[in-house]
Amino acid sequence: MDRVRVSQDNLVFCAGHFMIFPNGSEPLHGHNYRVAVTLEGALHEDMVMDFVALKRLVKALADELDHRVLLPAQHPRLRLTIGEEQVEATIDHKRYVFPLEDVRILPIPNTSAEWLARYLAGQLRARLPGDLRLHALEVEVEESFGQSAIYREVIDAAASTP
């Protein structure tokens with residue numbers, strides 16, 4: 001089984017977020033996130049996937065989140081009111097109002113590194129070329145030096161057979 005991995009200085013995004021815990025939420029803050037992607041599969045035209053194409057896909061995903069406030073759409077206690085120009089986010093006793101263009105509302109229950117890795121994996125999988133023979137993909141999201149979450153997804157166990 002062959003693997004390719006991309007992890008470069010430009011595969012980053014700076015974003016604000018807050019985690020929602022069972023008994024409250026943390027203050028709004030931000031991270032300089034780094035993203036790394038590993039694809040595992042059979043060779044197709046002598047490679048798993050072209051590095052340049054993979055880097056472009058990952059960079060585009062990071063750019064979509066860069067300099068935005070990340071809000072989870074699926075948390076039961078977070079109330080989002082989306083207007084024409086702004087988003088109001090209410091959690092417990094806190095109320096935030098953000099310009100709509102500065103927010104990314106994500107289909108996840110929380111904005112942990114784990115959920116961001118899952119989200120990015122799904123977005124990447126949807127954008128990968130259909131002719132790849134992938135067995136698995138892995139997305140790592142580092143929120144600070146030495147602190148990261150990794151999501152690995154098996155795509156097709158049969159793809160490992162040439």
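Here the structure is a predicted model, which is why all the values come from computation and not from measurement. Computed over heavy atoms, backbone and side chain alike; hydrogens, waters and symmetry mates excluded.
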**Residues forming a side-chain contact (heavy atoms from CB on, under 4.5 Å) with Gln86, sequence neighbours excluded** = Val97
**Item:** Same apolar cluster: Leu71 and Leu120, side chain cutoff 4.5 Å
**Value:** no
**Asked** Do you know which two heavy atoms are closest between Glu101 and Arg104, and how far apart they sit?
**Response** O-NH1, 4.1 Å
**Prompt:** From Arg77 CZ over to Arg79 CZ, what is the distance, rounded to the nearest 0.5 angstrom?
**Reply:** 10.0 Å
**Crowding at CZ, Phe21 (>12 non-hydrogen neighbours, <6.0 Å)** = yes
**Message:** Same cluster or not: Val69 versus Tyr96, using hydrophobic residues (I, L, V, M, F, W, Y) connected whenever any side-chain heavy atoms lie under 4.5 Å apart?
**Reply:** yes
**Prompt:** Is there side-chain contact between Leu132 and Val48, with heavy atoms separated by less than 4.5 Å?
**Reply:** no
**Asked** Between Leu106 and Pro72, is any pair of side-chain heavy atoms under 4.5 Å apart?
**Response** no
**Message:** So Val35 and Val139, do their side chains get closer than 4.5 Å, heavy atoms only?
**Reply:** yes
**Message:** What verdict does the side chain to side chain contact (heavy atoms under 4.5 Å, CB included) test give for Asp9 and Arg34, after you've listed the backbone C-alpha separation in whole Å, the side-chain angles of each residue and the deciding distance to 0.1 Å?
**Reply:** CA-CA 8 Å; Asp9 290 342; Arg34 294 181 59 137; 3.5 Å; yes
**Item:** Considering all heavy atoms, the nearest Ser7-Ala36 contact
**Value:** CB-CB, 3.7 Å
**Prompt:** So with a 6.0 Å cut-off around CZ of Arg3, is the heavy-atom count from everything else above 12?
**Reply:** no
**Asked** Shortest non-hydrogen contact from Val12 to Ala62?
**Response** O-CB, 3.5 Å
**Message:** Within the structure provided, determine whether Leu128 and Met49 are in side-chain contact (heavy-atom separation under 4.5 Å).
**Reply:** yes
**Derivation and outcome, side chain to side chain contact (heavy atoms under 4.5 Å, CB included), residues Glu40 and Arg152** = CA-CA 10 Å; Glu40 183 178 303; Arg152 178 179 166 79; 3.4 Å; yes
**Residue pair Pro107 / Gln74, side-chain heavy-atom distance below 4.5 Å** = yes
**Message:** For Ala89 versus Leu80, what's the shortest heavy-atom pair and its separation?
**Reply:** CB-CD2, 3.7 Å
**Message:** Do the side chains of Arg118 and Glu153 get close enough for a salt bridge, i.e. N-O under 4.0 angstrom?
**Reply:** no
**Any side-chain heavy-atom pair of Leu137 and Thr38 under 4.5 Å** = no
**Request:** For Phe13 and Leu65, work out which heavy atoms get closest and say how close.
**Result:** CD1-CB, 3.7 Å
**Item:** Working for side chain to side chain contact (heavy atoms under 4.5 Å, CB included), residues His44 and Asp131
**Value:** CA-CA 8 Å; His44 173 74; Asp131 60 349; 3.2 Å; yes
**Item:** Tyr151 and Tyr119 aromatic centres sub-6.0 Å
**Value:** no
**Item:** Distance (rounded to the nearest 0.5 Å) between Thr81 OG1 and Arg95 CZ
**Value:** 9.0 Å
**In one Ile/Leu/Val/Met/Phe/Trp/Tyr side-chain cluster, 4.5 Å: Leu39, Met47** = no
**Message:** Does any part of the side chain of Cys14, heavy atoms only, come nearer than 4.5 Å to the side chain of Asp66, both counted from C-beta?
**Reply:** yes
**Prompt:** So how far is it from Leu134 CG to Met1 CE, rounded to the nearest 0.5 Å?
**Reply:** 10.0 Å
**Prompt:** What residues form a side-chain contact (heavy atoms from CB on, under 4.5 Å) with Glu143, not counting sequence neighbours?
**Reply:** His31, Tyr33, Ala113, Gln147
**Item:** Non-hydrogen side-chain atoms of Arg133 and Leu43 separated by less than 4.5 Å
**Value:** no
**Prompt:** Are Glu138 and Arg125 close enough for a salt bridge, meaning some N to O gap below 4.0 Å?
**Reply:** no
**Item:** Residue pair Asn110 / His75: nearest heavy atoms and the distance that separates them
**Value:** ND2-CD2, 4.2 Å
**Request:** Verify the cluster assignment for Leu116 and Phe18: are they in a single hydrophobic cluster under the rule of side-chain heavy atoms below 4.5 Å apart?
**Result:** no
**Asked** Do other residues, nucleotides or ligands put more than 12 heavy atoms under 6.0 Å from the NE2 atom of His93?
**Response** no
**Item:** Full working for salt bridge (charged side-chain N to carboxylate O under 4.0 Å, His left out) between Lys94 and Glu88
**Value:** CA-CA 10 Å; Lys94 297 179 184 179; Glu88 179 181 323; over 6 Å; no
**Prompt:** How long is the span from the CG atom in Asp92 to the CD1 atom in Ile20, to the nearest 0.5 Å?
**Reply:** 8.0 Å
**Message:** Between Arg5 and Glu140, is the salt bridge (charged side-chain N to carboxylate O under 4.0 Å, His left out) condition met? List the steps.
**Reply:** CA-CA 11 Å; Arg5 177 177 166 85; Glu140 180 177 1; 3.3 Å; yes
**Complete:** d(Arg68 CZ, Asp63 CG) to nearest 0.5 Å is 10.0 Å
**Request:** Working to the nearest 0.5 Å, report the span between CH2 of Trp115 and CE of Met19.
**Result:** 11.0 Å
**Message:** Do Leu61 and Leu70 land in one hydrophobic cluster if side-chain heavy atoms of ILVMFWY residues count as linked below 4.5 Å?
**Reply:** yes
